[in-house]
Amino acid sequence: RFNLCRYANEAMSLSRLTVKNLRNIEHLELSLGSGVNLICGVNGSGKTSLLEAIYFLGSGRTFRGQRIEPLISRNASGCTVFGVVDADRRCRIGVQRGRDGGRDIKINGEVVRRASELALALPVLVLGPDTVDLLLGAPGPRRRFLNWGLFHVEHGFLPEWENATRGLKQRNSLLRGGSASSRELAVWTDKLEVLAETIDAYRRRYFEKLQTVFKVMCADLTGLQGVECVYSRGWDSTRSLKEVMASQLDGDIKRGFTLSGFQKADIELRVAGQSATSVCSRGELKILAWALVLSQGKLSMAQQHQAPVYLVDDLCAELDEDHRQSVCRELVNSGGQIVATGIDLEQLQGSWSGITTKMFHVKRGVFSEMESSNE
Ligand SMILES: Nc1ncnc2c1ncn2[C@@H]1O[C@H](COP(=O)(O)OP(=O)(O)OP(=O)(O)O)[C@@H](O)[C@H]1O
Ligand SMILES: [Mg+2]
């Protein structure tokens with residue numbers, strides 16, 4: 001059994017942030033509080049852009065689409081974000097991306113090749129209007145969701161997953177080429193079978209723990225009865241991948257890619273036995289998706305004693321007062337640093353009863369700190 005230690009002391013927070021040429025933020029220097037930070041401003045002022053800047057620092061990527069180019073300010077050749085992370089030790093991180101595709105990551109002054117190092121230095125989770133796509137959209141983001149969790153709690157997972165992904169690429173390129181000998185194919189098939197079983201074992205173990213946290217989270221947040229999350233591994237649950245791949249070999253050769261395997265894993269939310277997406281209201285789906293992400297953060301805190309930074313975009317949208325308050329309570333209990341945005345200051349402030357918040361106002365990409373409140 002694992003321990004849920006909500007109030008561990010190993011709080012990590014992004015204390016300083018410098019942003020250059022990211023969307024409508026030309027130049028920004030910000031001191032963030034280690035607790036709750038609220039950002040308000042009208043539509044198009046730069047609230048989501050600030051969250052994107054922090055996400056970029058923790059991943060080298062954007063959460064709006066796959067391409068990095070739209071992130072770079074229109075007239076600039078590249079964007080840069082620096083940050084100081086206060087944890088057990090202080091850590092300085094910098095990420096730079098150029099329009100020409102160049103990428104530069106530095107941690108404590110040293111050049112780093114892998115973006116995964118950023119995620120270790122500054123784990124971030126996003127709760128926003130699009131988080132519901134985790135339930136409504138294609139399975140890719142759900143697999144990335146599982147991977148995020150595993151990456152942060154099981155350090156052996158990433159190399160296995162990278163190996164398997166490389167193996168899958170090799171097998172698919174052989175299948176596409178059309179001239180692969182059956183012996184050549186068999187080598188990659190055998191490797192993939194072993195790797196896929198390992199990844200499935202990691203995922204199942206992680207999923208079980210996530211499920212336990214998620215159930216409690218759902219009861220606290222949603223009021224829905226009979227919510228369950230179901231994991232499917234990506235191939236027939238009654239047969240080994242070896243059998244499945246053998247039976248699909250001819251089809252794989254015709255298709256030019258591998259039909260079944262770890263790359264097809266998925267999770268599904270059910271409410272009283274039915275798919276959540278077919279029975280839940282829009283607001284319920286949003287809360288369920290947020291509950292999944294919050295559970296992931298909580299599990300990472302429980303296992304690694306490190307709470308992520310929560311980037312909460314448009315906190316008040318689609319949520320009624322009660323749900324807003326429950327979400328804020330969970331966020332505060334998570335022990336992580338929070339940066340939350342909203343259009344209406346009063347509404348944004350209203351749900352953090354008794355918690356001191358640091359507040360900023362943003363207008364056309366320029367941020368100014370407002371007087372702090374302690375409601
Ligand atoms: N590459 C870019 N260069 C310059 N400006 C950009 C770029 N990409 C987006 N913008 C602009 O940046 C502004 C800020 O966008 P952002 O999404 O941060 O606004 P927001 O405050 O979150 O608004 P909303 O309340 O509508 O969500 C918008 O006017 C947008 O059009
Ligand atoms: Mg926005």
Side-chain angles (χ1 to χ4, degrees), residues 59-71 97-103 105 113-119 130 133-151 154 156-204 206-207 230-268 277:
S59 69
R61 289 181 300 173
T62 157
F63 56 75
R64 288 198 267 190
Q66 298 285 318
R67 290 174 50 240
I68 211 75
E69 238 216 307
L71 193 70
R97 291 291 295 257
R99 225 176 257 291
D100 57 7
R103 185 176 84 170
I105 302 174
R113 227 170 34 83
R114 297 161 66 98
S116 55
E117 301 275 338
L118 291 173
D130 299 334
D133 291 345
L134 191 59
L135 305 182
L136 292 170
R142 285 190 287 280
R143 283 191 281 273
R144 280 199 290 280
F145 169 83
L146 277 179
N147 285 357
W148 188 99
L150 275 159
F151 170 73
E154 295 270 9
F157 174 74
L158 184 66
E160 297 284 359
W161 184 81
E162 283 175 341
N163 273 341
T165 304
R166 259 196 306 273
L168 181 67
K169 253 191 180 158
Q170 289 286 350
R171 187 174 191 268
N172 284 346
S173 85
L174 280 179
L175 289 167
R176 259 196 318 278
S179 57
S181 72
S182 52
R183 261 192 47 207
E184 237 179 329
L185 258 179
V187 170
W188 288 106
T189 306
D190 289 349
K191 276 190 189 162
L192 266 183
E193 279 159 5
V194 176
L195 287 164
E197 298 283 357
T198 310
I199 287 174
D200 173 47
Y202 267 118
R203 282 176 172 162
R204 247 180 307 135
Y206 175 73
F207 186 76
V230 185
Y231 162 73
S232 51
R233 59 181 182 173
W235 66 94
D236 187 337
S237 62
T238 61
R239 293 191 296 166
S240 71
L241 185 57
K242 197 179 178 72
E243 280 177 80
V244 172
M245 279 178 115
S247 70
Q248 290 174 345
L249 182 62
D250 291 342
D252 280 356
I253 291 171
K254 267 194 215 120
R255 271 184 296 273
F257 66 86
T258 310
L259 186 62
S260 298
F262 76 101
Q263 75 279 12
K264 287 290 169 71
D266 204 352
I267 52 177
E268 189 197 15
T277 55

Q: Would you say the side chain of W161 lies within less than 4.5 Å of the side chain of I199, judging by non-hydrogen atoms?
A: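 Answer yes - side chains close enough.
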Q: OG1/T165 to NZ/K169 distance, rounded to the nearest 0.5 angstrom?
A: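 Result: 8.0 Å between the selected atoms.
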Q: Heavy-atom count check: over 12 atoms from other residues, nucleotides or ligands less than 6.0 Å from K264 NZ?
A: yes
Q: Minimum heavy-atom separation for S240 and W235, please, with both atom names.
A: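 The pair with the smallest heavy-atom distance is C-NE1, 3.9 Å.
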Q: Taking D250 first and then K254, would you say they form a salt bridge - that is, a charged N and a carboxylate O separated by under 4.0 Å?
A: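 Looking at K254 together with D250, the answer is no, because their closest N to O distance does not fall below 4.0 Å.
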Q: Within this structure, what is the CZ-CG distance for the pair F157 and L146, rounded to the nearest 0.5 Å?
A: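 Answer rounded to 0.5 Å: 8.0 Å.
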Q: What pair of heavy atoms forms the shortest contact from R143 to A265, and how long is it?
A: NH1-O, 2.7 Å
Q: Using modelled atom types and a 3.5 Å cut-off, is there a donor and acceptor pairing between side-chain atoms of R97 and backbone atoms of L71?
A: no
Q: Before you tell me yes or no, could you show the steps for E154 and Y206 under side-chain contact (heavy atoms from CB on, under 4.5 Å), namely the whole-Å CA-CA distance, both residues' side-chain angles and the distance that decides it to 0.1 Å?
A: CA-CA 9 Å; E154 295 270 9; Y206 175 73; 5.7 Å; no
Q: How long is the gap from CZ on R61 to CD1 on I68, to the nearest 0.5 Å?
A: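 One finds 8.5 Å between CZ of R61 and CD1 of I68.
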Q: Do N172 and T258 have side-chain N/O donor and acceptor atoms under 3.5 Å apart?
A: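 Side chains of N172 and T258: pair found under 3.5 Å.
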Q: Got a second to check how far S232's OG is from D200's CG, nearest 0.5 Å?
A: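 It is 10.0 Å, given to the nearest 0.5 Å.
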Q: May I ask you to decide if G137's main-chain N or O and R142's side chain share a donor-acceptor pair within less than 3.5 Å?
A: yes
Q: Can you check whether D133 reaches P141 side chain to side chain, under 4.5 Å on heavy atoms?
A: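 A side-chain contact under 4.5 Å is absent here.
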Q: Between L192 and L241, what is the shortest heavy-atom contact and its length?
A: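 Residues L192 and L241, closest heavy atoms: O-CD2, 4.3 Å.
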Q: Between L150 and R203, is any pair of side-chain heavy atoms under 4.5 Å apart?
A: yes
Q: Identify the two heavy atoms, one from A119 and one from F151, that lie closest to each other, and give their separation to 0.1 Å.
A: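 Result for this residue pair: CB-CE2, 3.6 Å.
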Q: Say you draw a straight line from CD of E197 to CD of E160; how long is it, rounded to the nearest 0.5 Å?
A: 12.5 Å
Q: Aromatic rings Y231 and F207: how do their planes relate, parallel, tilted or perpendicular, breaks at 30° and 60°?
A: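 Ring orientation of Y231 relative to F207: tilted.
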Q: CG/D266 to CZ/R233 distance, rounded to the nearest 0.5 angstrom?
A: 14.5 Å
Q: For the residue pair N147 and R144, confirm or rule out a side-chain donor-acceptor distance under 3.5 Å.
A: no
Q: Might you work through the side-chain contact (heavy atoms from CB on, under 4.5 Å) test for L249 and L185, ending with a clear yes or no?
A: CA-CA 10 Å; L249 182 62; L185 258 179; 4.2 Å; yes
Q: Side-chain contact test, heavy atoms from C-beta onward, threshold under 4.5 Å: evaluate it for F257 versus L168 and give yes or no.
A: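 Sidechains of L168 and F257: no contact.
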Q: Show the numbers, then the answer: is there a side-chain contact (heavy atoms from CB on, under 4.5 Å) between R171 and D252?
A: CA-CA 10 Å; R171 187 174 191 268; D252 280 356; 3.0 Å; yes
Q: Can you tell if the side chain of E193 reaches within under 4.5 Å of the side chain of D190, non-hydrogen atoms only?
A: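 SC-SC contact between E193 and D190 confirmed.
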Q: I would like to know whether S260 and Q248 meet side chain to side chain donor-acceptor pair (under 3.5 Å); could you show each step before the answer?
A: CA-CA 8 Å; S260 298; Q248 290 174 345; 3.0 Å; yes
Q: Which atom names give the shortest non-hydrogen contact between R67 and P70, and what distance separates them?
A: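 That closest heavy-atom pairing would be O-CD, 3.5 Å.
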Q: Which atom pair, heavy atoms only, marks the closest approach of S59 to A115?
A: O-CB, 3.6 Å
Q: Distance-only, no hydrogens or angles: does the R103 side chain make a donor-acceptor pair with backbone N or O of R113 under 3.5 Å?
A: yes
Q: Can you list the steps and then say if F262 with T198 is a side-chain contact (heavy atoms from CB on, under 4.5 Å)?
A: CA-CA 9 Å; F262 76 101; T198 310; over 6 Å; no
Q: With a 4.5 Å cut-off on side-chain heavy atoms, are I105 and E117 touching?
A: no
